[in-house]
> 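Before anything else, here's the structure in question.
So that the names make sense, note that chain A is the first sequence line, chain B the second, and so on, each numbered from 1. Worth knowing before you read on, the calculation uses all heavy atoms, side chains too, and leaves out hydrogens, waters and symmetry mates. For clarity, every value in this text was computed on a predicted model and none was experimentally measured.
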Amino acid sequence: MTGLRGSSTRSTPARREAPRSDLTPPRDEPMSEQAHESAPIITIEHAAEHVGRLVTIRGWLYNMRESGKLLFPIFRDGTGVMQGVLSLKEQPDAFAALKGLPQESSVIVIGKIQAEPRAPGGCEIHISGIEVIQRVADSNPYPIQLKEHGVDFLLDQRHLWIRTPRQASILRIRAEAIRSARNYMDDLGYTLTDAPIFTPAACEGTTTLFEVNYIDDQKAYLTQSGQLYVEATAAALGKVYTFGPTFRAEKSKTRRHLTEFWMLEPEAAYAHLEDMIELGEGLVSTVVQAVVKNRARELATLGRDAAKLEKIVPPFPRITYDDAIQVLQKAGNPAKWGDDFGGDEETLISKQFEKPVIIHRYPAGMKAFYMATDPARPELALSFDMIAPEGFGEIIGGGERQSSYETLVQRLREHNLPEEAFEWYLDLRRYGSVPHAGFGLGLERTVTWICGTEHIREVIPFPRMLYRVYP
RNA sequence: UGGGGCGUGGUCCAAUUGGUAGGGCACCUCACUGUUAAUGAGGACGGUGUUGGUUCGAGUCCAACCGCCCCAGCCA
């Protein structure tokens, strides 16, 4: 046993205060050590496999219902919640230890798992012993109820909010998305090459940067994309990607924006637009199917219809920017060629499909300075966006990069970007420049869509937003 | 940064045409052997974001400021 209890880190005063009567039956050594022999430690997610057996659960008191001489505590252990049952008549000592125990007190429970249709989840634990690890003070009860709360309050309590089943499920889905995305990239021969977080200048002139004081009065900026660096590592290693946090100081107050979010950015030398569209399809469908397969329980907790996600398999519908304009105009949207798409337009287009839709070949004028243009139609950029279904917005943006030194210098000037800061980047065009392409996948937007959550702030453990950096 | 909305016990809300602040939950006490955000009874807890006006009297009206939410822009 090497879990929480096994280490020597746990020696809180609360533990020593725990009266002997909390242990039922009394033991000479801490219950959990003994429990290892007779009642193996299990997690709630696997409780159904232990029906009929005496087990140990280590966790927290999530809620408790009382009915006369019966207690119905609900425990959570990080993997799920399970109801316990305890009667005064059969277990007077354990009853006394549990009765009146405040919400979120930490406990170790021994009991027999039994199938029980009346219990939420189908089985429950018949408690025979309980050890209170830390009792929440009566004078300062747990702030989060099982009733409704406002968003602002919950965000102030984010460090506790994540204990609720819904939030914990979202975070597990997020982890599954990351795991499957990285596996997919690794299996395709892409090498993870991390990009720096401190950068000397903007990757794109259009967005706002967080400025920080570097050493000796030097200024540095928090990265808003690993894009430029991954172009360098692609020329070194061929197929690469970066996965890490990015920062945007935009004053965007919408349900789709964070100031700190995570991006997965692949880049491949000798790759073209089509290659990246296919990679994006494969990546997104793989992630979605991994969540459907491995986190079905969590999706159910969220009330997310897995049937909608099961349909997310390649190929995804693709339309050109030109066609997208047609679609919008037919639907009565006043969009005209040259306009960028806002949330309304994205939603309108995405609602026509059950899968993410790829819009490619946008007008070059609205894209970043490093985008390559279509040789067949120079007014178009070799770019693409992937729009999630159901109006969840853009999850991927990318395309083919400008590989010509001369054109790139010209673009830098047009965008009023400081050439000195981009000297290293221009070197990539001086020394063995090749066609290359890549994209950025917004992790939180993708997870928001998969989870079907209203707001992006729920899909990252501690959201950083405009005007919120606490907790 | 524009447009719209909102700030009332710990929390979620209510308070007629301005009349001196109330309920649910949480918390404490009691009852109840199958509860399902248990239920029933009792108890404690605020003077309404801040400042300044109008008024006999202001959560209620006016102004400014602060904070938050939603939408737009920008983007992932």
> Please tell me which of A:His126 and A:Ile396 maps to the more 5' nucleotide of RNA chain B, matching each residue to the nucleotide holding its nearest heavy atom.
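In this pair, the answer is A:His126.
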> Can you name the atoms? Protein N/O to nucleotides 40-47 of chain B N/O, anything below 3.5 Å, with the distance.
none

> Counting only heavy atoms from other residues, nucleotides and ligands, does the tally under 6.0 Å from CZ of A:Phe210 exceed 12?
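Atom CZ in A:Phe210 is packed in, count exceeds 12.
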> Just to verify, what does A:Asp152 make a side-chain hydrogen bond (donor to acceptor under 3.5 Å, both in side chains) with, not counting sequence neighbours?
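With neighbours one apart ignored, the set is A:Arg468.
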> Measuring only the P atom in each nucleotide, how far is B:U60 from B:G2? A whole number of Å is fine.
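Those two atoms are separated by 27 Å.
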> Starting at CD of A:Gln83 and ending at C1' of B:U33, how long is that distance when rounded to a whole Å?
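From A:Gln83 CD to B:U33 C1': 13 Å.
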> With P as the reference atom in both, quote the distance from B:G67 to B:G24 in angstrom, rounded to an integer.
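That atom pair is separated by 35 Å.
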> Not counting sequence neighbours, which residues clear salt bridge (charged side-chain N to carboxylate O under 4.0 Å, His left out) with A:Glu346? List them please.
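Result, salt bridge (charged side-chain N to carboxylate O under 4.0 Å, His left out) vs A:Glu346: none returned.
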> Heavy atoms only, 4.0 Å cut-off, all strands: where does A:Glu116 land among base, sugar-phosphate and nothing?
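The answer is base, as A:Glu116 lies within the cut-off (heavy atoms under 4.0 Å) of a base atom.
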> In whole Å, what separates the P atom of B:A76 from that of B:G7?
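That atom pair is separated by 37 Å.
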> Return the nearest nucleotide to the side chain of A:Lys147; candidates are B:C27, B:C25, B:U35.
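Of the options given, the side chain of A:Lys147 lies nearest B:C25.
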> Taking the same atom, P, in B:G46 and in B:G22, what whole-Å distance lies between them?
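Per the computed distance, 12 Å lies between those P atoms.
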> Is it the case that B:G34 (base atoms only) and A:Glu66 (side chain only) share a donor and an acceptor within less than 3.5 Å, ignoring hydrogens and angles?
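In this structure, the two groups form no donor-acceptor pair.
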> Using a 4.5 Å cut-off on heavy atoms from C-beta on, say whether the side chain of A:Lys219 contacts that of A:Leu209.
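Side chain of A:Leu209 against side chain of A:Lys219, heavy atoms only: no contact under 4.5 Å found.
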> Assess whether a salt bridge exists between A:Lys336 and A:Asp339, defined as any Lys/Arg side-chain N lying under 4.0 Å from an Asp/Glu carboxylate O.
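Yes, this pair counts.
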> Looking at side-chain heavy atoms only, is the closest gap between A:Trp449 and A:Ile312 below 4.5 Å?
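Yes, side chains in contact.
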> With syn defined as a glycosidic torsion within 90 degrees of 0 and anti otherwise, which applies to B:G73?
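In terms of base orientation relative to the sugar, B:G73 is anti.
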> To the nearest Å, how far apart are A:Tyr362 OH and B:A76 C1'?
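Those two atoms, OH and C1', are 12 Å apart.
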> Between B:U8 and B:G42, how far apart are the two C1' atoms, rounded to whole Å?
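The answer is 25 Å between these two C1' atoms.
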> Sequence neighbours left out, what passes salt bridge (charged side-chain N to carboxylate O under 4.0 Å, His left out) with A:Lys147? Give chain and number order.
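Residues passing salt bridge (charged side-chain N to carboxylate O under 4.0 Å, His left out) with A:Lys147: none at all.
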> What is the nucleic acid contact for A:Asp344, judged by heavy atoms within less than 4.0 Å: base, sugar-phosphate only, or nothing?
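The answer is sugar-phosphate, as A:Asp344 gets under 4.0 Å only of primed atoms, P, OP1 or OP2.
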> Across the strands shown, which category fits A:Glu124 at heavy-atom distances under 4.0 angstrom: base, sugar-phosphate, nothing?
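Base contact.
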> Nearest to the A:Leu258 side chain among B:G34, B:A76, B:C28, which nucleotide is it?
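The answer is B:A76.
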> For B:G9, does the O4'-C1'-N9-C4 (purine) or O4'-C1'-N1-C2 (pyrimidine) torsion place it in syn, i.e. within 90° of 0, or in anti?
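Judged by the O4'-C1' to base torsion, B:G9 sits in anti, the angle falling more than 90° away from 0.
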> What integer distance in Å separates A:Leu209:CG from B:C75:C1'?
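In whole Å, B:C75 C1' and A:Leu209 CG are 13 Å from each other.
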> Can you tell whether the side chains of A:Glu444 and A:Arg457 come within less than 4.0 Å, N to carboxylate O?
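No.
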> Remember a base hit wins even if backbone is also touched, and classify A:Gly342 as base, sugar-phosphate or nothing at under 4.0 Å, heavy atoms.
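Sugar-phosphate contact only - A:Gly342 comes under 4.0 Å of backbone atoms but never of a base.
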> Take the protein atom CD of A:Glu345 and the nucleotide atom C1' of B:C71, then report the distance between them rounded to whole Å.
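Whole-Å distance recorded here is 14 Å.
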> Look at the side chain of A:Ser252 and the base of B:C75, then say whether one donor and one acceptor between them are separated by less than 3.5 Å.
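Checked by distance alone, the answer is no.
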> Would you write the dot-bracket representation of RNA chain B, where each base gets (, ), [, ], | or . depending on whether it forms a Watson-Crick or G-U pair under 3.5 Å and with which partner?
(((((((..((((.....[..)))).(((((.......))))).....(((((..]....))))))))))))....
> Could you tell me the separation between the CG atom of A:Leu101 and the P atom of B:C27, rounded to a whole number of Å?
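So the two atoms are 11 Å apart, to the nearest Å.
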> Do A:Glu66 and A:Lys99 sit within salt-bridge range, that is, some charged N less than 4.0 Å from a carboxylate O?
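Yes, A:Glu66 and A:Lys99 are salt-bridged.
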> Identify every side-chain donor-acceptor pair in residues 70-88 of chain A under 3.5 Å, counting partners at least two apart or on other chains, and give the distances.
{"unit_1": "A:Arg76", "atom_1": "NE", "unit_2": "A:Glu104", "atom_2": "OE1", "d": "3.4"}
{"unit_1": "A:Arg76", "atom_1": "NE", "unit_2": "A:Glu104", "atom_2": "OE2", "d": "3.0"}
{"unit_1": "A:Arg76", "atom_1": "NH2", "unit_2": "A:Glu104", "atom_2": "OE1", "d": "2.7"}
{"unit_1": "A:Asp77", "atom_1": "OD1", "unit_2": "A:Thr79", "atom_2": "N", "d": "2.8"}
{"unit_1": "A:Asp77", "atom_1": "OD1", "unit_2": "A:Thr79", "atom_2": "OG1", "d": "2.7"}
{"unit_1": "A:Asp77", "atom_1": "OD1", "unit_2": "A:Gly80", "atom_2": "N", "d": "3.4"}
{"unit_1": "A:Asp77", "atom_1": "OD2", "unit_2": "A:Ile44", "atom_2": "N", "d": "2.8"}
{"unit_1": "A:Asp77", "atom_1": "OD2", "unit_2": "A:Thr79", "atom_2": "OG1", "d": "3.3"}
{"unit_1": "A:Thr79", "atom_1": "OG1", "unit_2": "A:Ile44", "atom_2": "N", "d": "3.1"}
{"unit_1": "A:Thr79", "atom_1": "OG1", "unit_2": "A:Glu45", "atom_2": "N", "d": "2.9"}
{"unit_1": "A:Gln83", "atom_1": "NE2", "unit_2": "A:Glu124", "atom_2": "OE1", "d": "3.1"}
{"unit_1": "A:Ser87", "atom_1": "OG", "unit_2": "A:Glu90", "atom_2": "N", "d": "3.1"}

> Give the rounded distance in Å between these two atoms: CZ of A:Arg118 and P of B:G34.
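The answer, rounded to whole Å, is 8 Å.
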> Under the rule for salt bridge (charged side-chain N to carboxylate O under 4.0 Å, His left out), what residues qualify as partners of A:Asp322, not counting sequence neighbours?
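Counting only residues at least two positions away or on another chain, A:Asp322 forms a salt bridge (charged side-chain N to carboxylate O under 4.0 Å, His left out) with A:Arg377.
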> Between A:Arg318 and A:Glu274, does any side-chain N to carboxylate O distance fall below 4.0 Å?
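Salt bridge: yes.
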> Base contacts versus sugar-phosphate-only contacts with protein, heavy atoms under 4.0 Å: please encode nucleotides 6-11 of chain B as B, S and - from 5' to 3'.
----BS
> Just N and O in the side chain of A:Lys69: are any of them under 4.0 Å from OP1 or OP2 of B:C32?
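For B:C32, OP1 or OP2 has a side-chain N or O of A:Lys69 closer than 4.0 Å.
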> Take atom NE2 of A:His257 and atom P of B:C71, then tell me their distance rounded to the nearest Å.
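Nearest whole value for this atom pair: 10 Å.
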> Please state the P separation for the pair B:C28 and B:C70 - nearest whole angstrom.
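Result for the P pair: 34 Å, nearest Å.
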> Verify the distance criterion only: is there a donor paired with an acceptor across the side chains of A:Glu231 and A:His436 at less than 3.5 Å?
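Per modelled atom types, A:Glu231 and A:His436 side chains form a pair under 3.5 Å.
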> I'd like the C1' distance from B:A44 over to B:A26, given in whole Å.
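Pairwise C1' distance, B:A26 against B:A44, rounds to 13 Å.
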> Please state the P separation for the pair B:G19 and B:U48 - nearest whole angstrom.
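Here B:G19 and B:U48 have their P atoms 16 Å from each other.
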> Just the table, please: protein N/O against nucleotides 67-70 of chain B N/O, every pair under 3.5 Å.
{"unit_1": "B:C68", "atom_1": "OP1", "unit_2": "A:Tyr467", "atom_2": "O", "d": "3.1"}
{"unit_1": "B:C70", "atom_1": "OP1", "unit_2": "A:Arg457", "atom_2": "NH1", "d": "3.4"}
{"unit_1": "B:C70", "atom_1": "OP1", "unit_2": "A:Arg457", "atom_2": "NH2", "d": "3.3"}

> For A:Phe153, enumerate each residue passing the ring-ring contact (aromatic ring centres under 6.0 Å, His included) test, keeping only those at least two apart in sequence or located in another chain.
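Applying ring-ring contact (aromatic ring centres under 6.0 Å, His included) to A:Phe153 gives A:His149.
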> State which residues pass salt bridge (charged side-chain N to carboxylate O under 4.0 Å, His left out) with A:Glu116; sequence neighbours excluded, sorted by chain then number.
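By the salt bridge (charged side-chain N to carboxylate O under 4.0 Å, His left out) rule, A:Glu116 matches A:Arg118.
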> Just distance, no hydrogens or angles: give the donor-acceptor pairs under 3.5 Å from side chains in residues 383-398 of chain A, sequence neighbours left out.
{"unit_1": "A:Asp385", "atom_1": "OD2", "unit_2": "A:Tyr362", "atom_2": "OH", "d": "3.2"}
{"unit_1": "A:Glu390", "atom_1": "OE1", "unit_2": "A:Arg304", "atom_2": "NH1", "d": "3.0"}
{"unit_1": "A:Glu390", "atom_1": "OE2", "unit_2": "A:Arg304", "atom_2": "NH2", "d": "3.1"}

